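A short write-up of the structure that comes next.
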Number of protein chains: 2
Amino acid sequence: MITERLAGRAARAGELITRRLGGLSGLSGPDLELIQGAARRLESSPAGAELPGQRILVSGWACRRRTLTDGARQIFSFLLPGDPCEGRRRGVATVAALTAVETADAAGLFQGAEDSLMQPGLAEAFAAIREEEERLLLDHIVRLGRMTAYERMAHLLLELRERLARVGLADEQRLPMPLTQETLADALGLSIVHVNRTVQQLRRDGLIELRSGLAVLNDPEALAELCGYESLRAPRRASPAAGVEAASRAAAPLS
Amino acid sequence: MITERLAGRAARAGELITRRLGGLSGLSGPDLELIQGAARRLESSPAGAELPGQRILVSGWACRRRTLTDGARQIFSFLLPGDPCEGRRRGVATVAALTAVETADAAGLFQGAEDSLMQPGLAEAFAAIREEEERLLLDHIVRLGRMTAYERMAHLLLELRERLARVGLADEQRLPMPLTQETLADALGLSIVHVNRTVQQLRRDGLIELRSGLAVLNDPEALAELCGYESLRAPRRASPAAGVEAASRAAAPLS
DNA sequence: CGTGATCTTGATGCTCATCAAGGCTAGTGG
DNA sequence: CCACTAGCCTTGATGAGCATCAAGATCACG
């Protein structure tokens with residue numbers, strides 16, 4: 001009974017990791033075996049726990065964040081099922097579970113990815129993940145630096161929906177939403193009160209619904225339009241204006 | 001005459017790169033030869049030019065930034081002499097010169113760094129640079145998410161001073177400051193006008209002087225205190241409060 | 001000496017933080 | 001079964017921080 005449940009969990013974990021990594025590159029037989037090995041070594045952590053490194057999240061949500069000296073917190077990124085979570089240097093960022101989570105021991109996978117000759121598929125997948133992690137950090141900087149609260153919230157919801165959909169955890173409009181408004185505030189650089197008001201404005205505008213644990217994006221395209229959201233998949237084109245400007249500046253006299 | 005000046009520039013470029021990379025790991029003879037090779041292949045770009053990838057900046061300032069559809073710009077990071085600048089995917093970030101710059105062809109260095117057995121020193125140095133780049137992005141997120149304009153400005157000036165001092169371009173209090181207030185605004189997520197008022201407030205408070213091309217931090221410690229600046233070198237300790245909180249949350253009942 | 005880039009200043013109002021309080025829900029213990 | 005509690009969401013009032021608009025000053029440079 002218990003073993004059966006364990007086996008079921010491992011199978012689901014393996015599927016999830018395969019979906020995440022396989023979406024980025026072709027995986028070989030040995031790659032899949034490494035994944036199955038990781039999926040058999042699961043560990044659970046309660047909400048609030050600090051997560052160890054060298055693991056892959058297979059269920060639940062986590063985040064990377066920093067706590068400032070005055071007690072304020074800033075969340076750098078959300079970690080979703082399928083994402084690797086490396087424990088970072090203390091003081092730079094800590095990885096914390098936001099819900100109860102399960103993680104798989106990914107030491108073997110990380111090691112395999114080091115060897116791009118033996119495990120080219122794994123190496124490529126993790127390289128793509130690294131690159132995307134940086135992309136997400138840059139997107140977050142744009143959210144904080146150049147968007148209003150309303151835009152930030154729309155942009156974050158669209159990002160989370162897209163990332164969750166990739167591993168089969170969201171559809172075109174609906175996504176699980178286990179985050180408290182306090183957590184959203186810590187991520188978006190806002191106060192709790194203002195997050196609440198922003199969410200309600202989005203609700204009143206008919207753009208989202210947000211009930212216990214579930215978010216519904218009623219009109220994803222309108223949301224994307226209002227905040228300038230760009231899909232993670234489709235590479236963005238340079239805007240013509242930016243190209244012209246760069247050219248004219250490049251033609252400026254040398255110093 | 002001309003060759004002599006070129007040789008002098010190459011020598012200074014080699015010294016700069018050596019100082020930057022050597023500060024992070026021990027460099028071997030072959031490492032140094034690769035550096036000298038890069039320093040001989042210099043290229044100049046005017047302010048405003050978009051920079052090619054696979055290069056190392058040896059003089060002048062650049063930045064990584066994105067231009068939004070409404071024309072607003074967000075600067076992600078400043079690139080200073082000694083920093084590698086990789087051309088990124090269009091739309092995610094572009095690398096642009098903020099002053100006239102010189103770059104060295106670092107293809108050989110990057111390639112050497114790939115081989116951690118043959119060139120352990122180089123590999124270690126570039127790994128450290130990557131890690132620090134991420135640290136700087138996280139610091140930038142904290143600036144934008146949780147600091148006032150006054151704090152952001154102080155924090156950025158302290159960061160720039162420290163990075164420049166490392167390659168011999170700043171002392172304890174003084175650093176070159178070629179950035180316009182518009183550029184500072186694009187980095188700090190503020191309007192030009194507010195950057196101006198913030199700078200003046202810092203001046204009136206006796207904390208900084210800012211004349212054409214030079215910034216003086218009259219009291220770096222007071223600046224660091226007011227914005228919670230943490231040196232890039234000294235690893236930060238976790239605050240005791242954060243530890244206690246994590247422990248108590250971890251002890252919460254399982255879901 | 002004119003021209004464009006940069007810096008500066010004032011006036012006005014929106015965005016968002018803060019303070020304070022009340023409501024809702026789920027879990028807890030009497 | 002019903003207070004009781006704790007966490008989370010919600011609402012109102014007030015003000016600080018910052019954006020925006022508009023205009024002038026200063027500087028660098030051809």
Side-chain angles (χ1 to χ4, degrees), chain A residues 46-48 68 70-74 98-100 143-154 177-204 208-215 226-227 245 248-249 251-255, chain B residues 46-48 68 70-74 98-100 143-154 177-204 208-215 226-227 245 248-249 251-255:
Chain A
L68 311 189
D70 65 356
R73 280 188 300 211
Q74 178 63 51
L98 292 169
T99 67
R143 272 197 292 258
L144 296 173
R146 288 293 177 221
M147 293 188 191
T148 64
Y150 195 77
E151 294 164 339
R152 289 180 210 183
M153 184 67 69
M177 178 43 60
L179 304 178
T180 66
Q181 296 187 350
E182 180 176 14
T183 302
L184 288 169
D186 286 342
L188 298 177
L190 301 167
S191 67
I192 303 178
V193 172
H194 202 64
V195 164
N196 183 285
R197 297 193 157 112
T198 303
V199 165
Q200 289 181 60
Q201 189 59 49
L202 283 161
R203 262 201 283 247
R204 258 179 268 126
I208 69 169
E209 289 164 43
L210 208 47
R211 357 180 230 284
S212 63
L214 180 73
L226 79 86
C227 66
E245 182 221 12
S248 72
R249 290 192 140 203
L254 296 174
S255 75
Chain B
L68 311 188
D70 65 356
R73 279 186 300 209
Q74 178 63 51
L98 293 168
T99 67
R143 270 197 294 257
L144 296 173
R146 287 293 177 220
M147 292 190 193
T148 65
Y150 195 78
E151 294 164 339
R152 289 180 209 183
M153 183 67 68
M177 179 43 59
L179 304 178
T180 67
Q181 296 187 351
E182 180 176 14
T183 302
L184 288 169
D186 286 343
L188 297 178
L190 301 168
S191 67
I192 303 178
V193 172
H194 202 65
V195 164
N196 183 286
R197 296 194 157 112
T198 303
V199 165
Q200 290 181 58
Q201 188 61 48
L202 282 161
R203 261 200 282 247
R204 259 179 268 123
I208 68 170
E209 289 165 42
L210 208 48
R211 0 180 227 284
S212 64
L214 180 73
L226 79 86
C227 66
E245 182 219 13
S248 73
R249 290 191 140 202
L254 295 175
S255 77

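All figures in this text were calculated on a predicted structure; none of them were measured in a lab. Numbered from 1 within each chain, the chains take letters A, B, ... in sequence-line order. Note that these values count all heavy atoms, side chains included, but never hydrogens, waters or copies made by symmetry.
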Indicate, yes or no, whether a donor-acceptor pair under 3.5 Å links the base of C:dG10 to the side chain of B:Arg197.
yes

Sugar-phosphate, base or nothing in reach of A:Ile192, heavy atoms under 4.0 Å:
nothing

Under 4.0 Å, heavy atoms only, any strand: does B:Ser191 hit a base, just the sugar-phosphate, or nothing?
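Base, at least one base atom sits under 4.0 Å.
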
Starting from [atom2] on [N], measure out to [atom1] on [X] and report it in whole angstrom.
X	N	atom1	atom2	value
A:Arg203	D:dT10	CZ	C1'	10 Å
A:Leu184	C:dC16	CG	P	15 Å
A:Arg204	D:dT10	CZ	P	11 Å
B:Arg211	C:dC7	CZ	P	16 Å
A:Gln181	D:dC8	CD	P	11 Å
B:Leu179	C:dT6	CG	C1'	13 Å

For D:dT10 and A:Asn196 - does any side-chain N or O of the residue sit under 4.0 Å from the phosphate oxygens OP1/OP2?
yes

What nitrogen or oxygen pairs link the protein and nucleotides 22-27 of chain D at under 3.5 Å?
none

Given side chain to side chain donor-acceptor pair (under 3.5 Å), test A:Gln201 with A:Arg204 step by step and report yes or no.
CA-CA 5 Å; A:Gln201 189 59 49; A:Arg204 258 179 268 126; 2.7 Å; yes

Among residues 143-154 of chain B, which ones have heavy-atom contacts with DNA chain C below 4.0 Å?
none

